[in-house]
Number of protein chains: 2
Amino acid sequence: MRYSQSTELAIDSLLYMAARPEASDFSVEQVAAAQEVSASYLAKVFQQLVKAGVLRSHRGSKGGYALGRPLSLITLRDIAVVFEGSSPLYECDGYARTCSLGPKCLVKATFDEAERKMHEVLAKVSLQDVVAQAGQEAAWTAAHGCAPLPPPVAVTQADSVGQGGATS
Amino acid sequence: MRYSQSTELAIDSLLYMAARPEASDFSVEQVAAAQEVSASYLAKVFQQLVKAGVLRSHRGSKGGYALGRPLSLITLRDIAVVFEGSSPLYECDGYARTCSLGPKCLVKATFDEAERKMHEVLAKVSLQDVVAQAGQEAAWTAAHGCAPLPPPVAVTQADSVGQGGATS
DNA sequence: GACAATTTGGATAAGCAATGTCCGCATTGA
DNA sequence: TCAATGCGGACATTGCTTATCCAAATTGTC
Ligand code: SF4
Ligand code: SF4
């Protein structure tokens, strides 16, 4: 059991956009390049986020994606449920087969409670909390000489290089 | 994201054995028949439980499986980790790619905390708790005329209220 | 209005882990 | 010895996730 890559990619992408409050429309291409994933795939992820209301899309030329709500109203839980679904993690399959215990069963009740507690934690942290903490972190790491995030809003031109043999 | 069928099958099977404390060795065939699954598959599940110490196996003629520990020392968490693994649900893939934040990142920290809380709940409930609650449940449902579990040995013989008619 | 940029949705392939089965071997009690 | 049983490996099947491509729709700009 593991969170899908789509969930992690969505969070990182939203965080990328959240860290650049000045820009209003991000193209899939731009974000995909920053996250080092294919635009094809990220496009699908964004579509799901639009359907969920987390992103707003703007079609046509000069179009792109923007956050659909204030940062403080987008929690980690909101993003997770888009890709992981909201049906219970523990399905209680045996109930349909051999077991005649139902929702009253302590097994099912415990797993549901565990899942609820998990969601409770995720719902308490919004993207705003994350960027705020990242900002403090940035100040700390800057004092030690490492770059905490790809430089904000500084990416404009100067990307005519880069496509050569990357690895090895 | 969902718990694997193996996890649910394991729990139901262990519960089946736990409800019959007199029998000491259960063959795969017997349990598989009760759970209405193939013996082939259940055998694989049991092998993993043996490796984890939850079950003890007894090879050879008259062999079978028995619980490896007292009921009170087998928690739902113990069973879950056998099939779901213990690595974090949120892998933080972007960390390896583009993100330079690490374990200090609030995203990762929050998901880890959520998972920890979840495990905390699961670790608090043992098989003993489940069978005890099922016993109480049995008394309650018996008064209403339904069969809560395939009649184990621990049922009071005081009242024989129409246990005959099984479902069609 | 033509054009370019961009999202949308469908179709679909590739990859991978979970599911499910089979069979020969090892072990053990009778 | 023999039968019953678990063990472990190999394998087939299935379904979901990942990933790509393309035609269509939309929209700003010239
Ligand atoms: S035991 Fe509890 S969890 Fe397992 S099948 Fe019966 S009801 Fe569902
Ligand atoms: S943002 Fe946090 S979670 Fe996402 S990759 Fe960077 S460190 Fe891992």
Side-chain angles (χ1 to χ4, degrees), chain A residues 1-10 12-13 17 23-33 35-68 80 82-85 87 89-91 93-94 97, chain B residues 1-10 12-13 17 23-33 35-68 80 82-85 87 89-91 93-94 97:
Chain A
M1 194 166 56
R2 173 174 110 69
Y3 282 98
S4 74
Q5 283 183 227
S6 295
T7 298
E8 307 200 5
L9 176 56
D12 291 340
S13 298
M17 297 164 76
S24 58
D25 277 305
F26 300 85
S27 73
V28 167
E29 287 279 358
Q30 176 186 355
V31 181
Q35 301 297 327
E36 296 181 12
V37 296
S38 82
S40 310
Y41 187 50
L42 186 63
K44 291 302 183 191
V45 170
F46 275 13
Q47 280 180 31
Q48 291 188 258
L49 289 171
V50 169
K51 243 187 288 184
V54 175
L55 281 183
R56 275 186 315 103
S57 68
H58 185 191
R59 293 168 69 153
S61 177
K62 301 277 181 180
Y65 293 93
L67 297 177
V82 172
F83 302 95
E84 312 300 333
S87 63
L89 294 182
Y90 196 91
E91 296 275 7
D93 272 0
R97 279 201 308 270
Chain B
M1 193 167 54
R2 175 172 110 69
Y3 282 98
S4 73
Q5 285 184 228
S6 295
T7 298
E8 307 200 7
L9 177 56
D12 291 341
S13 298
M17 298 166 74
S24 57
D25 278 304
F26 299 86
S27 73
V28 167
E29 287 278 358
Q30 176 187 354
V31 182
Q35 302 295 328
E36 295 180 12
V37 296
S38 81
S40 309
Y41 188 48
L42 186 63
K44 293 301 184 190
V45 170
F46 274 14
Q47 281 179 31
Q48 291 188 258
L49 289 172
V50 169
K51 245 188 285 186
V54 175
L55 282 182
R56 276 185 314 105
S57 67
H58 184 191
R59 294 169 69 155
S61 177
K62 301 277 181 178
Y65 293 93
L67 297 177
V82 172
F83 302 96
E84 313 299 334
S87 63
L89 294 182
Y90 195 92
E91 295 275 7
D93 271 2
R97 279 202 307 271

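Sequence lines set the chain letters: A, B, ... in the order given, protein chains first and strands last, and positions in each chain run from 1. When reading the values below, keep in mind they use all heavy atoms of this one structure, side chains included, and skip hydrogens, waters and symmetry mates. Please read all numbers here as calculations on a predicted model, not as lab measurements.
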Calculate, to the nearest 0.5 Å, the distance between atoms [atom1] and [atom2] belonging to [X] and [Y] respectively.
X: A:Met17; Y: A:Phe46; atom1: CE; atom2: CZ; value: 5.0 Å
X: B:Ser57; Y: B:Leu49; atom1: OG; atom2: CG; value: 11.0 Å
X: B:His58; Y: B:Ser27; atom1: NE2; atom2: OG; value: 13.5 Å
X: B:Glu8; Y: B:Ser13; atom1: CD; atom2: OG; value: 11.5 Å
X: A:Leu89; Y: B:Thr7; atom1: CG; atom2: OG1; value: 11.0 Å
X: B:Arg56; Y: B:Leu67; atom1: CZ; atom2: CG; value: 8.5 Å

Show the numbers, then the answer: is there a side chain to side chain contact (heavy atoms under 4.5 Å, CB included) between A:Lys62 and A:Asp25? CA-CA 8 Å; A:Lys62 301 277 181 180; A:Asp25 277 305; over 6 Å; no
In this structure, how many angstroms lie between the [atom2] atom of [N] and the [atom1] atom of [X], rounded?
X: B:Leu9; N: C:dA18; atom1: CG; atom2: C1'; result: 13 Å
X: A:Asp93; N: C:dT19; atom1: CG; atom2: P; result: 10 Å
X: B:Glu8; N: C:dT19; atom1: CD; atom2: C1'; result: 14 Å
X: A:Arg59; N: C:dT7; atom1: CZ; atom2: P; result: 10 Å
X: A:Gln5; N: C:dA17; atom1: CD; atom2: P; result: 11 Å
X: A:Leu89; N: C:dA18; atom1: CG; atom2: C1'; result: 16 Å

Of A:His58 and B:Met1, whose closest DNA chain D nucleotide lies nearer the 5' terminus? B:Met1
On DNA chain D, compare the nucleotides closest to A:Thr7 and A:Lys62; which residue's is nearer the 5' end? A:Thr7
Base-paired stems that DNA chain C participates in, counting runs of 3 or more Watson-Crick or G-U pairs under 3.5 Å: C:1-30 with D:1-30
Under 4.0 Å between any heavy atoms, over every strand shown, what does [X] touch: base, sugar-phosphate, or nothing? Just pick one.
X: A:Phe26; result: sugar-phosphate
X: B:Ser38; result: sugar-phosphate
X: B:Ser40; result: base

Can you find a heavy atom in the side chain of A:Tyr3 that is under 4.5 Å from one in the side chain of B:Met1? yes
For A:Leu9 and A:Gln35: C-alpha separation, side-chain torsions, deciding distance, then whether side chain to side chain contact (heavy atoms under 4.5 Å, CB included) applies. CA-CA 8 Å; A:Leu9 176 56; A:Gln35 301 297 327; 4.0 Å; yes
So, B:Phe26 versus B:Tyr65, ring centres under 6.0 angstrom or not? no
Nucleotide nearest A:Tyr65 (side chain, heavy atoms from C-beta), chosen from C:dT27, C:dA5, C:dT8: C:dT8
Name every residue in residues 41-51 of chain A that has at least one heavy atom under 4.0 Å from any atom of DNA chain C, in order of residue number, or write none if there are no such residues. A:Lys44, A:Gln47
Students should find this one: the first and last nucleotides of DNA chain D, 5' to 3', lying under 4.0 Å from a heavy atom of chain A. What are they? D:dT18 to D:dG28
Would you indicate whether A:Gln48, at its atom CD, is surrounded by more than 12 heavy atoms from other residues, nucleotides or ligands within a distance under 6.0 Å? yes
Short N-O contact, A:Arg2 and A:Glu84, less than 4.0 angstrom: no
Between C:dA17 and B:Ser4, is there an OP1 or OP2 to side-chain N/O distance shorter than 4.0 Å? no
